[in-house]
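One is the number of the first residue; the rest follow in order along the sequence.
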Amino acid sequence: MADRTPAPDTPELRARWGSFEWTKENRKTADYHIAKYPDGRQKSAVMPLLDLAQRQVGEETETQGWLPLPVIEYVAKYIDVPVIRVLEVATFYFMYNMKPVGKYHVQVCGTTPCMLRGSDDIISACKSRGMEFGKVSDDGLWTLTEVECMGNCATAPMVQINDDNYEDLTPERLDTVLDALAKGEQPKTGTQEPGRHTSEPANALSNLTDMVDANHDYRGEW
């Protein structure tokens, strides 16, 4: 599982991120999220603000982004809550990165349905390309993380790479996705099973053969 501890609070970290503040556009977005809540409830905006801050860090570093401690402190001050309250949220949810990541954050689901469908092979395929858990690859492209269920059990195994899901994977299909990303191309997202569209059974859109069947109750009556 991912290490949820913050990056060490070093002088170098402070020098790089101690002056963090919203860009003009992100300030508007932050204030928009805060305005959704009644007066005195601005702390309720903590999750979208953390996501916004992570994305701003990502834009500045050309990665998926992460949350240095000074950035977390900035968010806490912006909504006037203790830093520990914001840190608790950031370290709880896997959507927030607590340490630097690569341009592409490859999150492999290792929960039971994906494991039964071959997630170990997916992890091995990632490692064969030089990825290591919790580390940025030498070329700066990849960070590998194993995570808990991301809700795509019907199309297991799956990975999430930045904001996109890739499902019905095999090592070969994953290689195709990663090769495209490495070239700066956008691979097909969602299921990688030919002819499949969403989470319907792999061999058909529906197990109903006649719309009349859908309108009958269990007694065979209307």
Side-chain angles (χ1 to χ4, degrees), residues 1-2 47-48 51 54-55 58-59 62-66 93-97 101-137 139-222:
M1 292 298 110
M47 292 190 68
D51 179 71
Q54 179 167 277
R55 291 176 186 275
E59 291 174 0
E62 296 185 351
T63 67
Q64 196 211 12
W66 66 292
Y93 292 101
F94 276 67
M95 63 188 286
Y96 306 118
N97 302 318
V101 295
K103 183 175 183 179
Y104 300 110
H105 188 188
V106 182
Q107 300 179 79
V108 182
C109 178
T111 310
T112 305
C114 280
M115 180 184 67
L116 293 174
R117 295 271 291 173
S119 64
D120 287 347
D121 294 334
I122 299 303
I123 291 173
S124 296
C126 292
K127 290 183 175 180
S128 70
R129 300 174 72 103
M131 299 185 204
E132 297 182 55
F133 284 127
K135 297 183 179 180
V136 180
S137 60
D139 58 11
L141 282 180
W142 317 107
T143 292
L144 174 63
T145 302
E146 182 180 356
V147 298
E148 294 293 342
C149 182
M150 291 189 282
N152 290 85
C153 304
T155 50
M158 62 86 62
V159 304
Q160 179 177 324
I161 305 179
N162 294 1
D163 290 332
D164 293 317
N165 287 355
Y166 300 89
E167 306 149 31
D168 285 313
L169 290 172
T170 62
E172 294 75 22
R173 290 173 179 175
L174 177 64
D175 280 337
T176 298
V177 169
L178 297 178
D179 286 342
L181 291 172
K183 296 175 183 177
E185 301 171 355
Q186 177 57 58
K188 176 185 178 295
T189 59
T191 177
Q192 304 298 300
E193 180 71 25
R196 196 174 190 180
H197 301 284
T198 55
S199 59
E200 78 279 359
N203 61 347
L205 283 174
S206 173
N207 59 3
L208 298 174
T209 57
D210 192 314
M211 284 307 297
V212 173
D213 294 338
N215 294 312
H216 277 281
D217 65 14
Y218 68 95
R219 296 166 298 181
E221 299 174 357
W222 289 104

Does N152 reach the main-chain N or O of T191 with its side chain, forming a donor-acceptor pair under 3.5 Å? no
Should V108 and L144 count as side-chain neighbours, where that means a heavy-atom distance under 4.5 Å? yes
Kindly give the heavy-atom pair with the smallest separation between Q160 and M158, and that separation in Å. N-CE, 4.3 Å
Quick one: does Q192's side chain have a donor or acceptor within less than 3.5 Å of a partner on G190's backbone? yes
What is the distance from atom CD1 of I161 to atom CG of D164, rounded to the nearest 0.5 Å? 8.0 Å
How far does CG of D163 sit from CD of Q64, to the nearest 0.5 angstrom? 6.5 Å
Any chance you could lay out the side-chain hydrogen bond (donor to acceptor under 3.5 Å, both in side chains) test for T145 and Q107, step after step, and finish with the verdict? CA-CA 5 Å; T145 302; Q107 300 179 79; 5.7 Å; no
Using modelled atom types only, decide if a donor and an acceptor are shared between the side chain of Y104 and the backbone of L181 within a distance under 3.5 Å. yes
Correct closest heavy-atom pair for C149 and C153 would be SG-SG, 3.7 Å
Treating Q54 as the side-chain partner and M95 as the backbone partner, does any N or O pair qualify as donor plus acceptor under 3.5 Å? yes
Crowding at CD, E185 (>12 non-hydrogen neighbours, <6.0 Å): yes
Please round to the nearest 0.5 Å and tell me the distance separating atom OG1 of T112 and atom CD of E148. 8.5 Å
Roughly how far apart are W66 CH2 and H105 NE2, rounded to 0.5 Å? 13.5 Å
Verify, without hydrogens or angle tests, whether D168 (side chain) and P157 (backbone) share a donor-acceptor contact under 3.5 angstrom. no
Quick one, R129 with L174, criterion side chain to side chain contact (heavy atoms under 4.5 Å, CB included). Give me CA distance, side-chain angles, the key distance, then yes/no. CA-CA 11 Å; R129 300 174 72 103; L174 177 64; over 6 Å; no
So, using side chain to side chain donor-acceptor pair (under 3.5 Å) as the criterion, who are the partners of T143 when residues are at least two apart? none
Only counting residues at least two apart or in another chain, list the ones meeting side chain to side chain contact (heavy atoms under 4.5 Å, CB included) with D139. S137, L141, W142
Give a yes or no on whether the backbone of G65 and the side-chain of N97 come within a donor-acceptor separation of less than 3.5 Å. yes
Does the distance from a Lys or Arg side-chain N to an Asp or Glu carboxylate O, for D51 and R55, drop under 4.0 Å? yes
Can you see which heavy atom on C109 is nearest to which on C114, and at what distance? O-CB, 3.4 Å
Quick one: does any side-chain atom of Y96 pair with a main-chain N or O of M47 as donor and acceptor, under 3.5 Å? yes
For the atom pair OH (Y166) and OG1 (T176), what is the distance rounded to the nearest 0.5 Å? 12.0 Å
Any chance NZ of K188 has more than 12 other-residue heavy atoms, nucleotides or ligands included, within less than 6.0 Å? yes
Looking at every heavy atom in both E146 and F94, which two are closest together, and how far apart are they? O-CE2, 4.3 Å
Given the rule in the side chain to side chain contact (heavy atoms under 4.5 Å, CB included) test, do T155 and E193 qualify, once you have shown the distances and angles that lead to the verdict? CA-CA 9 Å; T155 50; E193 180 71 25; over 6 Å; no
